[in-house]
Amino acid sequence: MEYLALFYVFYTYLCPLLLIRINKMTTLRRITITSFGCLLLCTSCKDNATGGEDPTPQPKPLPTINYTNANLVYYGIENDITTSSHYKLTLYTDMKLDAQNNPIGPGQMLRFSLNANLFEESVTEFPLPIGTYTSASSWSDFQPGTFNYGFISEVDLPTGKVSFPDGSFFGDLPSQSTEFTPDLLDIGSFEVTRNDNDIYTLTGMVVGNEYLKRRFTYTGKLEVIDRSTPVAKPDNTTLTKDLHLTDLTQARLADKGDSFYLGDESYRTFELYLAAKEISLTPQWPTGNGNLVKVEFFVGWNVSIANGIPEGTYRLAPQDPSGGVDKLDIVPGNIVPGYPDKFTYPGGSWYEQLTNNKMLGYARITGGTMRVERQGDKHLLTIDLIDCNTKTPHHITASYTQDTPIKIFK
């Protein structure tokens, strides 16, 4: 009965647990709250039970690695949330580097994403502050003297999505390779000292998702690369001059309904593709070779896609700072501007030049018009779209005529 009473108290008052995990992606923090119920495993219940083994994996110690090379980059203050300076410190054994400064195996590397004390505004040099650096207490801990957890990051490029380790991690590189399976670090500490000759000594031990105690040392210079001035991101366009398209021979139309979830039946979103002959419009995302224009635009709620595109002139809606469309601009007659940095699955309106299914030429559309004239089922489309180059915008123009109804994609 005593065991039943203890079980009742435990199950009723201590469960469920609430686990809060904050995911940090360089400048983007996402908070995910997950509720867990308790799981009680009973292998035996005896009056004279002596207890079982702790199921938590215990880190295994490894030989100390003496790193011989280092790279230190100072990024300054990442954003208004953090109260620390951000560094990326890379330690690696005696390995050659490729053209992108990636170590080539065989060998080991250790990367730390560090939070350090802020510098005075008048300071122009940013040596790594000495002291003890310990693992952060959580994903949202950016206090000076901590290193951030390791994680897998993803970037969307015109040639496809690329995944890579970020934050703090260890890598064991095989011979003649720059690729490795990262051990994402989240436990440990290390000491940083510096002598009068500016020679640093780093000594510590860290543990990651492989549950291995990785002891390490480094003695040598730490030359700082200052990247505290943000590098301007390139516009999402490859155009260097105006472009007139003459090879558009096919079209596809889709009804995306209330794609912005306003719930007020004030509009519908239509998606139009105009494509060259060698482009396949059968799959959801077109493939092949040639020019492709994607236009998303708003029509009235009661418009039936079976009747084609309503006649009129459609204009690009202003793009709000987040890259989307303001609610007040979600009205029939407006065109959705292209969403920035979306290459694998471009959102909004884009021009694409496909080569073997890849976007080797492209332009995010942020201005212009599309005029639609109708004679029964016949469509005459005249487009004059403008790319996102804010300094020297370029026009993408074309005329498209189809006598039969435009193919509907479901």
Side-chain angles (χ1 to χ4, degrees), residues 24-29 65 67-104 107-121 123-136 141-155 162-171 173 178 180 182-185 188-194 198-202 204 206 208 216-234:
K24 167 176 173 281
M25 293 273 185
T26 308
T27 56
L28 178 64
R29 276 77 173 178
I65 297 178
Y67 291 97
T68 56
N69 301 278
N71 176 273
L72 181 64
V73 180
Y74 171 71
Y75 291 94
I77 304 175
E78 277 193 304
N79 50 49
D80 295 336
I81 299 176
T82 59
T83 57
S84 56
S85 299
H86 183 216
Y87 288 87
K88 283 189 178 180
L89 170 65
T90 305
L91 306 176
Y92 57 99
T93 55
D94 190 15
M95 291 185 285
K96 294 182 179 180
L97 304 179
D98 66 8
Q100 288 74 42
N101 289 323
N102 297 312
I104 304 173
Q108 293 78 38
M109 67 172 291
L110 196 58
R111 164 72 62 77
F112 288 106
S113 172
L114 300 175
N115 305 305
N117 288 319
L118 296 173
F119 292 93
E120 298 290 339
E121 292 185 4
V123 171
T124 58
E125 296 183 355
F126 308 97
L128 180 66
I130 62 174
T132 300
Y133 291 82
T134 60
S135 54
D141 180 10
F142 308 111
Q143 291 299 313
T146 60
F147 67 84
N148 302 310
Y149 297 163
F151 62 95
I152 299 299
S153 188
E154 189 176 77
V155 174
V162 177
S163 298
F164 56 91
D166 208 342
S168 303
F169 57 88
F170 167 85
L173 286 74
T178 60
F180 57 90
D183 184 11
L184 305 177
L185 307 176
S189 66
F190 62 95
E191 190 76 21
V192 177
T193 60
R194 184 179 65 241
D198 290 333
I199 299 297
Y200 280 84
T201 298
L202 282 66
V206 290
F216 67 93
T217 65
Y218 170 77
T219 299
K221 291 279 190 178
L222 284 180
E223 302 291 345
V224 183
I225 301 173
D226 183 8
R227 293 182 183 166
S228 56
T229 302
V231 178
K233 295 180 64 175

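Only heavy atoms go into these numbers, but all of them, side chains included; no hydrogens, no water, no symmetry mates.
Using a 4.5 Å heavy-atom cutoff, the side chains of P129 and Y87 are in contact. Counting heavy atoms from C-beta outward, F169 and F164 have side chains that stay 4.5 Å or more apart. At a threshold of 4.5 Å between non-hydrogen side-chain atoms, the residues Y133 and L89 do not count as touching. Considering only heavy atoms from C-beta on, L202 comes within 4.5 Å of L222 through its side chain. Counting only heavy atoms from C-beta outward, the side chains of L97 and P103 approach each other to under 4.5 Å.
The 12-atom threshold is exceeded at NZ of K221, counting heavy atoms of other residues, nucleotides or ligands nearer than 6.0 Å. Around the CG atom of D94, the shell of radius 6.0 Å holds no more than 12 heavy atoms that belong to other residues, nucleotides or ligands.
The structure places CZ of F119 at 10.0 Å from OG of S228, a figure rounded to the nearest 0.5 Å. Between T124 atom OG1 and D226 atom CG the span is 9.0 Å, to the nearest 0.5 Å. One distance of note links CD of Q108 with OH of Y67; it measures 6.0 Å at 0.5 Å rounding. Between the CZ atom of F190 and the OG1 atom of T132 there is a distance of 9.5 Å, given to the nearest 0.5 Å.
Judged by distance alone, with hydrogens and angles left aside, the side-chain atoms of Y218 form no donor-acceptor pair with the main-chain N or O of Y200 at under 3.5 Å. Under a 3.5 Å cut-off, the side chain of S163 and the backbone N or O of E154 do not form any donor-acceptor pair. Of the possible polar contacts, one joining the N69 side chain to the T93 backbone as a donor-acceptor pair under 3.5 Å is found. T219 contributes no side-chain N or O that, together with a main-chain N or O of T201, makes up a donor-acceptor pair within less than 3.5 Å.
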### Message
For a side-chain contact (heavy atoms from CB on, under 4.5 Å) check, start with the C-alpha distance between F142 and N148, then their side-chain angles and the critical distance, and finish with the verdict.
### Response
CA-CA 7 Å; F142 308 111; N148 302 310; 3.6 Å; yes
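Taking the six-membered ring for Trp, F216 and F112 have ring centres closer than 6.0 Å.
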